[in-house]
Amino acid sequence: MAKTFAIYKDEELLTSGTAKECAGELNVKVETIWHYKSATYQKKVSGKNRRIAIELEEAE
């Protein structure tokens with residue numbers, strides 16, 4: 001099963017779905033969605049323009 005993400009900019013939800021769906025919606029590469037989730041990116045970028053990817057858990 002593909003992992004699903006919610007992408008936020010500040011506190012605004014931009015999109016949600018698989019990494020591929022989110023990338024298409026935001027016009028970025030799939031790797032960028034994974035980068036938004038990384039701890040390195042979170043430490044490096046701050047401010048209101050920061051995008052955050054949160055991996056959503058699968059409901060059983």
Treat each ILVMFWY residue as a node, draw an edge where side-chain heavy atoms are under 4.5 Å apart, and state whether Tyr36 and Ile54 are in one component. no
Minimum-distance pair of heavy atoms, taken over all atoms of Arg51 and Tyr41: O-CE2, 2.9 Å
Check for me, please, whether Leu56 and Leu13 land in the same ILVMFWY cluster - side-chain distances under 4.5 Å, paths through other members count. no
Can you run down the salt bridge (charged side-chain N to carboxylate O under 4.0 Å, His left out) pairs that involve residues 8-18, sequence neighbours left out, and say none if there aren't any? none
Just distance, no hydrogens or angles: give the donor-acceptor pairs under 3.5 Å from side chains in residues 16-30, sequence neighbours left out.
{"unit_1": "Thr18", "atom_1": "OG1", "unit_2": "Glu21", "atom_2": "N", "d": "3.1"}
{"unit_1": "Glu21", "atom_1": "OE1", "unit_2": "Thr18", "atom_2": "N", "d": "2.9"}

Residues that Lys3 engages under salt bridge (Lys or Arg N to Asp or Glu O under 4.0 Å), provided they are two or more places apart: Glu55
Determine which pairs satisfy ring-ring contact (aromatic ring centres under 6.0 Å, His included) with at least one residue from residues 1-27, sequence neighbours left out, and list them in order. Phe5-Trp34
